[in-house]
Amino acid sequence: MSRALAAARRAARAGEVPVGAVLVDPDGRVLAVSGNRVERDRDPTAHAEMVVLRRAARRLGTPRLFGCDLWVTLEPCAMCAAALALARIRRLYFGAWDPKGGGVDHGPRIFDQPTVHHRPEVYGGIRERECAALLRAFFTARR
């Protein structure tokens with residue numbers, strides 16, 4: 001989670017919502033690290049999770065990332081949760097919960113839908129205070 005938080009801080013300095021993600025292979029080797037890039041890339045789908053999924057899939061040469069784990073500072077939204085299912089992510093570790101925009105433990109609860117073919121193990125609340133504080137500070141400064 002430390003690397004995901006560092007990526008989130010870099011994203012905040014770049015004017016992005018401070019969310020960071022790290023994707024690791026089954027042996028724990030880092031495949032990809034990124035923060036949000038929505039503003040930079042002018043791409044509404046360039047959430048940190050999506051960026052690391054794309055990078056890892058290219059690096060491994062496959063759209064299915066069997067055995068890989070994702071660490072992210074914020075509960076994934078519905079779009080990202082669906083992409084994690086499609087990528088066959090083994091485990092999802094996230095920091096802060098997102099009651100407004102989350103898609104895992106909140107909102108549409110993507111992994112609980114009968115149409116989802118793969119459900120990763122989910123572990124939320126990892127370094128939650130630190131992850132949430134980073135987001136609060138970013139949005140407080142914006143207001």
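Within the hydrophobic cluster formed by Ile, Leu, Val, Met, Phe, Trp and Tyr side chains joined at under 4.5 Å, directly or through other members, Met79 is accompanied by Met50.
Between Glu49 and Cys77 there is no side-chain heavy-atom pair separated by less than 4.5 Å. Under the 4.5 Å side-chain criterion, counting only non-hydrogen atoms from C-beta, Val38 is not in contact with Val17. Using a 4.5 Å heavy-atom threshold, the side chains of Leu31 and Val52 count as separate. Two residues are said to be in side-chain contact when any heavy atoms from C-beta on lie closer than 4.5 Å; Val122 and Phe94 meet this criterion.
Closest heavy-atom contact between Gly35 and Ala48: C-CB, 3.6 Å. Smallest separation of non-hydrogen atoms from Ala81 and Gly103: CB-O, 4.2 Å. Of all heavy-atom pairs spanning His118 and Leu84, the tightest one is CD2-O, 4.4 Å. Summarising the geometry of Leu70 relative to Ile89, their closest heavy-atom pair is N-CG2, 4.0 Å, with the distance given to 0.1 Å. The two residues Ala46 and Asp41 come nearest to each other via the heavy atoms CB-OD2, 4.1 Å. The shortest heavy-atom contact between Arg127 and Ser2 is NH1-OG, 2.6 Å.
Applying the side-chain hydrogen bond (donor to acceptor under 3.5 Å, both in side chains) test to every pair with at least one member in residues 51-61, sequence neighbours left out, gives these pairs: Thr45-Arg54. Residue pairs meeting the ring-ring contact (aromatic ring centres under 6.0 Å, His included) criterion with at least one member in residues 3-25: none, sequence neighbours excluded. Within the structure, the salt bridge (charged side-chain N to carboxylate O under 4.0 Å, His left out) test picks out no pair touching residues 76-86 (sequence neighbours left out). Screening residues 110-122 for salt bridge (charged side-chain N to carboxylate O under 4.0 Å, His left out), with sequence neighbours left out, gives Arg91-Glu121. Residue pairs meeting the side-chain hydrogen bond (donor to acceptor under 3.5 Å, both in side chains) criterion with at least one partner in residues 9-18, sequence neighbours excluded, are Arg9-Glu130. Applying the ring-ring contact (aromatic ring centres under 6.0 Å, His included) test to pairs two or more places apart or on separate chains, those with a residue in residues 50-87 are Trp71-Tyr93. Pairs of residues two or more places apart, or lying in two chains, that qualify as side-chain hydrogen bond (donor to acceptor under 3.5 Å, both in side chains) and include a residue from residues 25-35 are Asp25-Arg29, Asp27-Arg29.
For the atom pair CG of Leu23 and CG of Asp69, the computed distance is 8.0 Å after rounding to the nearest 0.5 Å. How far CG of Asp105 is from CD1 of Ile110: 12.0 Å, rounded to the nearest 0.5 Å.
Residues passing the side chain to side chain contact (heavy atoms under 4.5 Å, CB included) test with Ala12, sequence neighbours excluded: Pro18, Phe138. Listed by chain and number, the residues in a side chain to side chain donor-acceptor pair (under 3.5 Å) with His106 are Glu75 (sequence neighbours excluded). Applying the side chain to side chain contact (heavy atoms under 4.5 Å, CB included) test to Cys131 and every residue at least two apart in sequence or in another chain returns Met1, Leu5, Thr73, Ala96. For the side chain to side chain contact (heavy atoms under 4.5 Å, CB included) test, no residue two or more places apart in sequence or in another chain qualifies with Pro63.
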